[in-house]
Q: 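This structure is in structure tokens; I'll ask about it shortly.
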Amino acid sequence: MAPVAKIWTAASLLGIVLFLNAPLLFTLFDNPPRSPRQNATLTLLIWSWPFGEATDLTGDVCSRLYGITGCQLTTNRILFSQADVVVFHHQELQHERQGLPPSKAHPGQNWVWVSLESPSHTKALEGWTGNEWNWVLSYRKDADLFLPYGELVPRSLGVVEIPEKTGLVSWVISNYHHSQARAEMYRNLSSHLRIDVFGKASRKPLCPDCLLPTISKYKFYLAFENSIHRDYITEKLWRNAFLAGSVPIVLGPSRANYQQFMPANAFIHVDDFRSAQELATFLTTMNESHYRNFFAWKRSYAVRLHQDWRERFCSICWQYPRLPRKKLYLDLKRWYWDY
């Protein structure tokens, strides 16, 4: 772990240079093609809508919401034989395995496996070793269909506004498990400073509309992931911290991995410190100028979330012309755990 004094000098400057000179990571609907293929409508059958949530697919959803024409989303399994793409969300797939079609309906049909959960929280991956999956939609950058939980997008130079702060550190947690790395870090850190905990796993549950206003009152937010995997950076950072206007303290993949998505001085990584006590000292002794530097990215960038499943599925149409043909994942579990 690096000494505190070195964290925001050369390392920060290098990270900003790398971030600003890298190609934009993800511009989902910037200048989309008018149609996924010439003079035809692409039919996407979503085998089971994620988490059983009802959604409105009437009309030309992708065109109306995202400007992507020639793309039909449907959950009507009667259309299986004519679907160009069939999408399977893993949460439902693992319970419907026996009810799947025995094979693709026609040679041009492609099947997409979808999961935004980390490998540690994705069950029943064994046995997919045949010719089912042509493409994967995931938060992983090396997926055929890369869809992060959020991203920073360029904007015209703006004023950096920081919400008024009344607390130091907050954490919102729904599922607390004593053995997780984030639980251990919380216990160690909370022995040196006060951390206000909210959410289902605490005695202070929050209503959905209360989440961001509550977090915004704190200088720092524990954006701790439930498991550590490459590229697994969730709404805990993009929404809970960045949108709320709180500096994220991250526990997840490496600092270098985070810096592929954001400037080096936009977050604090727990690995930068030799101990929880050293991190606590860093937080409690920080001056105002240093603190405001964590928001420098807001002058040139804004946060874009990707939370609507209609957006995620419409993105398949948008990227369809560039997807690899005749690709197969012969061992899905091996690929997903390869990091």
Q: With a 3.5 Å cut-off and sequence neighbours excluded, list the donor-acceptor pairs that the side chains of residues 237-245 form with protein atoms.
A:
from	atom 1	to	atom 2	distance (Å)
Trp238	NE1	Ile233	O	3.4
Asn240	ND2	Tyr221	OH	3.0

Q: Would you please name every residue forming a side chain to side chain contact (heavy atoms under 4.5 Å, CB included) with Arg194, sequence neighbours left out?
A: Asp196
Q: Who pairs with Asp231 by side chain to side chain donor-acceptor pair (under 3.5 Å), at least two apart in sequence or on another chain?
A: Asn257
Q: Can you check whether Val303 reaches Lys298 side chain to side chain, under 4.5 Å on heavy atoms?
A: no
Q: Given the rule in the side chain to side chain contact (heavy atoms under 4.5 Å, CB included) test, do Leu168 and Tyr218 qualify, once you have shown the distances and angles that lead to the verdict?
A: CA-CA 5 Å; Leu168 186 64; Tyr218 292 84; 5.6 Å; no
Q: Quick one, Pro263 and Leu152 - any side-chain contact, counting heavy atoms below 4.5 Å?
A: yes
Q: So, using salt bridge (Lys or Arg N to Asp or Glu O under 4.0 Å) as the criterion, who are the partners of Asp142 when residues are at least two apart?
A: Arg140, Arg230
Q: Where the side chain of His106 meets the backbone of Gly108, is there a donor-acceptor pair that is under 3.5 Å apart?
A: yes
Q: For Thr75, is there any backbone N or O sitting under 3.5 Å from a side-chain donor or acceptor partner on Arg77?
A: no
Q: So, Asp56 and Thr58: side-chain donor and acceptor under 3.5 Å apart, yes or no?
A: yes
Q: Indicate the ring-plane relationship of Tyr149 and Tyr139, choosing parallel, tilted or perpendicular according to the 30° and 60° boundaries.
A: tilted
Q: Should Trp111 and Gln109 be marked as a side chain to side chain donor-acceptor pair (under 3.5 Å) after you check the CA-CA gap, both sets of side-chain angles, and the distance that decides it?
A: CA-CA 7 Å; Trp111 287 12; Gln109 188 176 83; 3.0 Å; yes
Q: Hey, are Asp271 and Arg255 close enough for a salt bridge, meaning a charged N less than 4.0 Å from a carboxylate O?
A: no
Q: Does Ser63 use its side chain to pair, donor to acceptor, with the backbone of Asp60 at less than 3.5 Å?
A: no
Q: Evaluate the ring planes of Phe220 and Phe294, with Trp represented by its six-membered ring, and classify them as parallel (under 30°), tilted (30 to 60°) or perpendicular (over 60°).
A: perpendicular
Q: What is the ring orientation for Tyr176 with Tyr186, classed by angle as parallel under 30°, tilted 30 to 60°, or perpendicular over 60°?
A: perpendicular
Q: List the residues meeting salt bridge (Lys or Arg N to Asp or Glu O under 4.0 Å) with Lys204, not counting sequence neighbours, and say none if there are none.
A: none
Q: It should be assessed whether the SG atoms of Cys317 and Cys71 lie less than 2.5 angstrom apart.
A: yes
Q: Step by step, would you call Trp297 with Phe267 a ring-ring contact (aromatic ring centres under 6.0 Å, His included)?
A: CA-CA 10 Å; Trp297 62 268; Phe267 63 96; over 10 Å; no
Q: Which residue pairs pass the salt bridge (charged side-chain N to carboxylate O under 4.0 Å, His left out) test with at least one member in residues 214-225, sequence neighbours excluded?
A: Glu225-Lys236
Q: So how far is it from Leu116 CG to His121 NE2, rounded to the nearest 0.5 Å?
A: 14.5 Å
Q: I need the Arg334 CZ to Leu125 CG distance, nearest 0.5 Å.
A: 14.5 Å
Q: Is the side chain of His269 donor-acceptor paired with the backbone N or O of Pro253 at a distance under 3.5 Å, no angle test?
A: yes
Q: Do Leu73 and Ile46 have side-chain heavy atoms sitting under 4.5 Å apart?
A: yes
Q: Tell me the disulfide (SG to SG under 2.5 Å) pairs involving residues 227-301, sequence neighbours left out?
A: none
Q: When rounded to the nearest 0.5 angstrom, what is the spacing between NE2 in His89 and CG in Leu93?
A: 10.0 Å
Q: Looking at Arg322 and Trp318, would you say the former's side chain and the latter's main chain have a donor-acceptor pair under 3.5 Å?
A: yes
Q: State whether Phe146 and Arg312 meet the cation-pi test: NZ (Lys) or CZ (Arg) under 6.0 Å from the six-membered ring centroid, and within 45° of the perpendicular axis.
A: no
Q: Under the salt bridge (Lys or Arg N to Asp or Glu O under 4.0 Å) test, which residues partner Lys333, sequence neighbours left out?
A: Glu126
Q: Applying side chain to side chain contact (heavy atoms under 4.5 Å, CB included), name anything that partners Leu65, two or more places apart in sequence or on another chain.
A: Val61, Arg310
Q: Go through the structure and list residues passing side chain to side chain donor-acceptor pair (under 3.5 Å) with Gln72, not counting sequence neighbours.
A: Thr43
Q: Does CD in Gln277 sit with more than 12 non-hydrogen atoms of other residues, nucleotides or ligands closer than 6.0 Å?
A: no
Q: Only one of Phe88, Tyr336, Tyr329 clears ring pair (Phe, Tyr, Trp, His ring centres under 6.0 Å) with Trp113; which?
A: Tyr336
Q: Is a donor on one side and an acceptor on the other found under 3.5 Å between the side chain of His90 and the backbone of Glu117?
A: no
Q: Under a 3.5 Å distance rule, please check whether Ser191 uses its side chain to pair with a backbone N or O of Asn188 as donor and acceptor.
A: yes
Q: Which residues pass the side chain to side chain contact (heavy atoms under 4.5 Å, CB included) test with Pro213, sequence neighbours left out?
A: none
Q: Cation over ring, Lys327 on Trp135, under 6.0 Å and within 45°?
A: no
Q: Please, which pairs that meet salt bridge (charged side-chain N to carboxylate O under 4.0 Å, His left out) have at least one residue in residues 157-171, sequence neighbours excluded?
A: none
